[in-house]
Amino acid sequence: MKFKRNIIITGGAGFIGSHVVRLFVNKYPDYRIVNVDKLTYAGNLANLKDIETAPNYFFEKADICDYERISALMSYYRIDGIIHLAAESHVDRSIRNPVAFAYTNVIGTLTMLQAAKQYWESCAEGYAGKLFYHISTDEVYGALKMDGTMFTEQTRYDPHSPYSASKASSDHFVRAFHDTYGMPTMLTNCSNNYGPYQFPEKLIPLFINNIRHRKPLPVYGKGENVRDWLYVEDHARAIDLIFHRGKIADSYNIGGFNEWKNIDLIKVLIKTVDRLLGNPDGYSLDLITYVTDRNGHDLRYAIDSSKLKNELGWEPSLQFEEGIEKTVRWYLDNQEWMDNITSGEYERYYEEMYKNR
Ligand code: NAD
Ligand code: DAU
């Protein structure tokens, strides 16, 4: 079968990547979607069970740092579009092992760019009809004060953690490939995502699971840091829109205009989980445990996504209350998915991580 587009999505077995793969596979049966994922601890093919037999879906277990392999995949599948999500994504892990983050996020992105450059420049039509779309984060902008200001696309990069420094560096390489070689590139900076299939080292799935098991909820510092939360399917919709209609060489902020102080969000989570488990209101509040703060913990993130709204008409579709209810229900209904992850190696990692907090 001849496909209309041939697209690599890297990191498609991870949290956001799996939602992007699902959306593209279902919405565009005439696109060939090639999920390129190394299946690190964060990659899980169970996230894609519902679409794994679709005729337009292909999976390749590969490392984005492996230039030969990525080059071979580019020409084998005649790739014309890349949506690049594969990364090391957890800030706490980056504090423990910054080199791994530089390797995957910087060298991996550079390897993807170089392999795309090599293949696309060898095509008769060159870069025409091609796109390298890089998925970045709001964390590259640094931290805001509690003063109502927001990150815009013009905000100067000021990363603080090894994770955000590695993502900032990869963003610069993406822009450099446009400016130096004329590669059609784009990038987006999104705020905190939540929803099904998120690895339970991140705040929301971790806390839902801990409440279910009556384990302590480790709140960093005073719980006063602020994050701007977006339902993951709204992020995937934005990626679809920008991939098809975004401006080459441009960048867009994606966010929910939905800021929450951690401790307030945690109380909403407790209330929701308790209600759905049939516990009395306030039953799990005693699990809140204040622990040593994260090193260099950014105080506040807030994304101004009005450019995306004004230029392409995107807005979040879900109210936060609705999104949290759906999310909590999903984790409680999919205990097997969670238990498969939280047993064994990850459990040992988690215990080690919190031993000294
Ligand atoms: P995740 O950790 O859940 O998934 C990452 C995926 O990348 C996994 O499937 C993993 O196996 C794969 N991967 C890691 N190293 C690889 C390598 N060397 N080669 C091939 N595959 C590799 O991450 P996520 O939360 O879904 O984030 C996806 C992307 O979105 C990342 O680039 C992240 O920086 C960005 N982002 C995340 C958020 C968020 O809230 N989670 C917000 C904004 C931006
Ligand atoms: O802003 C986008 C970023 O959001 C993405 O680029 C990252 O990939 C993603 O991991 C996320 O980063 P955060 O560090 O904001 O997410 P995390 O879920 O780790 O933490 C959210 C907030 O909760 C943060 O202020 C730290 C706090 N926290 C987190 C954990 C895991 C706790 O208080 N206790 C915890 O156990």
Side-chain angles (χ1 to χ4, degrees), residues 9-21 35-45 47-48 60-66 69-70 83-95 100-101 103-105 107-109 111-112 134-141 143 151 161 163-164 166-167 170-171 188-195 197-207 210 216-230 232 235-236 239 254-255 260-263 265-266 288-294 297-303 350 353-354 357:
I9 299 179
T10 70
F15 166 48
I16 302 172
S18 64
H19 289 275
V20 178
V21 166
N35 173 11
V36 171
D37 197 300
K38 184 182 172 183
L39 300 183
T40 67
Y41 79 94
N44 185 355
L45 290 177
N47 298 357
L48 292 163
E60 294 286 350
K61 184 173 185 316
D63 187 336
I64 55 166
C65 299
D66 182 345
R69 185 76 200 290
I70 299 296
I83 306 178
H84 177 44
L85 295 109
E88 288 292 342
S89 68
H90 191 44
V91 175
D92 293 326
R93 286 186 191 252
S94 82
I95 294 168
F101 278 66
Y103 199 66
T104 300
N105 298 357
I107 303 296
T109 301
T111 304
M112 290 300 302
H134 178 59
I135 306 302
S136 189
T137 169
D138 59 359
E139 300 202 10
V140 297
Y141 296 127
F151 299 132
S161 73
Y163 164 68
S164 52
S166 69
K167 290 296 288 186
S170 65
D171 292 7
T188 48
N189 301 89
C190 190
S191 62
N192 284 63
N193 285 215
Y194 71 99
Y197 301 114
Q198 186 167 32
F199 195 86
E201 63 191 350
K202 309 282 165 55
L203 180 78
I204 290 183
L206 174 70
F207 277 33
N210 283 10
L217 306 175
V219 180
Y220 298 168
K222 295 186 178 140
E224 281 175 353
N225 302 65
V226 171
R227 296 292 182 265
D228 178 356
W229 294 94
L230 179 68
V232 62
H235 187 190
I239 290 173
I254 309 174
W260 283 81
K261 216 178 245 191
N262 287 343
I263 192 65
L265 169 66
I266 289 160
I288 291 179
T289 310
Y290 290 93
V291 299
T292 316
D293 208 352
R294 175 185 274 174
H297 197 173
D298 286 336
L299 180 63
R300 175 174 163 256
Y301 304 141
I303 275 276
Y350 181 74
M353 181 91 177
Y354 288 98
R357 281 195 182 270

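When a ligand or atom number is given, it counts from 1 through the structure's own listing order.
Between Q198 and ligand 1, no pair of N/O atoms sits closer than 3.5 Å. Among the atoms of C190, none of the N or O lies under 3.5 angstrom from an N or O of ligand 1. Considering backbone and side-chain N/O atoms, V36 never comes within less than 3.5 Å of an N/O atom of ligand 1. For ligand 1, the polar-atom distance check finds no N/O of N192 at less than 3.5 Å from any of the ligand's N/O atoms. Residue Y163 has at least one nitrogen or oxygen atom sitting less than 3.5 Å from a nitrogen or oxygen atom of ligand 1, judged on distance alone.
Heavy-atom proximity to atom 15 (O) of ligand 2, evaluated over R294, R227, H297, is greatest for R227. Of the candidates Y220, W260, Y194, Y163, Y220 brings a heavy atom nearest to atom 30 (C) of ligand 2.
Only the side chain of K167 comes within contact range of ligand 1, with a heavy atom under 4.0 Å; no backbone atom does. Contacts of Y197 with ligand 1, taken as heavy-atom pairs under 4.0 Å, are absent altogether.
Of all protein heavy atoms, the one lying nearest to atom 37 (C) of ligand 1 is I16 CD1, 3.4 Å.
Among the candidates D37, I107, T104, N105, the single residue satisfying the side-chain contact (heavy atoms from CB on, under 4.5 Å) test with I64 is T104.
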Exercise for review: Step by step, work out the ring pair (Phe, Tyr, Trp, His ring centres under 6.0 Å) result for F199 and Y41.
Suggested key: CA-CA 9 Å; F199 195 86; Y41 79 94; 5.0 Å; yes
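Taking a cut-off of under 4.0 Å to the non-hydrogen atoms of L206, the atoms of ligand 2 that pass are 36 (O). Close contacts between ligand 1 and D63 involve ligand atoms 17 (C), 18 (N), 19 (N) [criterion: under 4.0 Å to a heavy atom].
Not a single heavy atom of Y103 sits less than 4.0 Å from an atom of ligand 1.
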